[in-house]
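The structure appears below as C-alpha cells.
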Amino acid sequence: MYKVNEIFETIQGEGNYTGTPAIFVRLQGCPVGCSWCDTKHTWEIPADLSIDLWQATQKKADSEHWADATADDLLALFSARGYRAQHVVITGGEPCMYDLNPLCELLHHHGMSTQIETSGTFEILAPEQTWVTVSPKVNMRGGYAVLRSTLQRANEIKHPVAMEKHVDELKALLQDIDVSGKLIYLQPISQKAKATQLAIEFCKANNWRLSVQVHKYLGIN
Ligand code: SF4
C-alpha cells in the first residue's frame with residue numbers, strides 16, 4: 001500500500017521534464033526535516049486522518065490527510081479522473097520510503113513514463129527506466145545522510161541553493177561521483193532574487209543548468 005497525500009495533473013515545472021504534462025502522486029511521510037520544506041504537511045502519517053483515494057484528487061488546500069492505494073488503484077484512478085498525461089511524477093514527502101517498483105512497473109507496462117523526486121537519503125527501489133531526480137538534502141534536522149548510491153543512480157541532480165555554502169555542499173557531494181550523462185541543476189530556493197542570481201553565476205561557472213520552478217512563476221500547482 002502506498003500512502004498518498006494528493007494526486008493532480010499539471011505541467012512539470014522543474015528539471016529536464018519542464019513543460020511536460022504530468023500526473024503528480026505525492027506520497028505521505030518524510031523524516032528528513034528540511035527547515036524550508038514547502039510540504040511539511042506530508043511529514044507525518046496521522047492514523048486518524050485517512051481519507052478515500054478519490055478525495056486525495058480533490059484537495060483544495062494542503063492537508064495532512066492521506067489515502068491508502070495500491071498500484072492498481074492508482075492506475076484505475078488516473079483513468080477514472082480522465083487524466084491525459086503520460087508522465088507520472090512520484091514525489092512527497094520522501095517517496096523512496098516506499099518500494100516504487102510495483103507502481104513504476106505497472107505504469108511502464110501501460111505505456112507511461114515515470115519520474116521520482118527524492119532527497120537521496122533512502123535507497124531507490126525503482127526500475128532502471130524510471131527517471132530519478134535527486135535533490136540532495138544535506139545536514140537536515142532529521143539526521144539522514146545523502147546516500148552515494150542515490151547520486152550514482154540519479155539521472156539528474158537538482159540542488160536547492162540560497163547561498164554559496166549550498167554550492168560547496170553540492171561540489172563535495174559530486175567529488176567521487178561519475179557525473180557523465182547526468183544533468184546537474186541549481187534551483188534557487190523560494191524564487192528569491194539573490195538566490196536566483198547566485199544560481200545563475202554558478203551555473204555559468206560550472207556549466208550546470210538552472211531550474212527555476214516554472215510552475216511557481218505561472219501560479220499553478
Ligand atoms: S526531503 Fe522534501 S519533503 Fe522531506 S523535509 Fe525535505 S523538502 Fe520536505
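Whatever order the structure lists them in is the order used to number ligands and atoms, beginning at 1.
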Quiz question: by atom type and distance under 3.5 Å, do the side chains of [X] and [Y] form a donor-acceptor pair?
| X | Y | value |
| --- | --- | --- |
| K192 | T196 | no |
| E156 | T133 | yes |
| H159 | Q187 | no |

Let me check something: any side-chain donor-acceptor pairs from residues 198-208 under 3.5 Å, sequence neighbours excluded? List them with distances.
residue	atom	partner	partner atom	Å
N206	ND2	F202	O	2.9

- Could you name all protein N, O or S atoms found under 2.8 Å from atom 8 (Fe) of ligand 1? C37 SG
- Residues which pass side chain to side chain donor-acceptor pair (under 3.5 Å) with D178, listed by chain and number, not counting sequence neighbours: S180
Please output the side-chain donor-acceptor pairs of residues 95-102 that fall under 3.5 Å, not counting sequence neighbours, one pair per line with the distance.
residue	atom	partner	partner atom	Å
Y98	OH	Q28	O	2.7
D99	OD1	N101	N	3.0
D99	OD1	N101	ND2	3.1

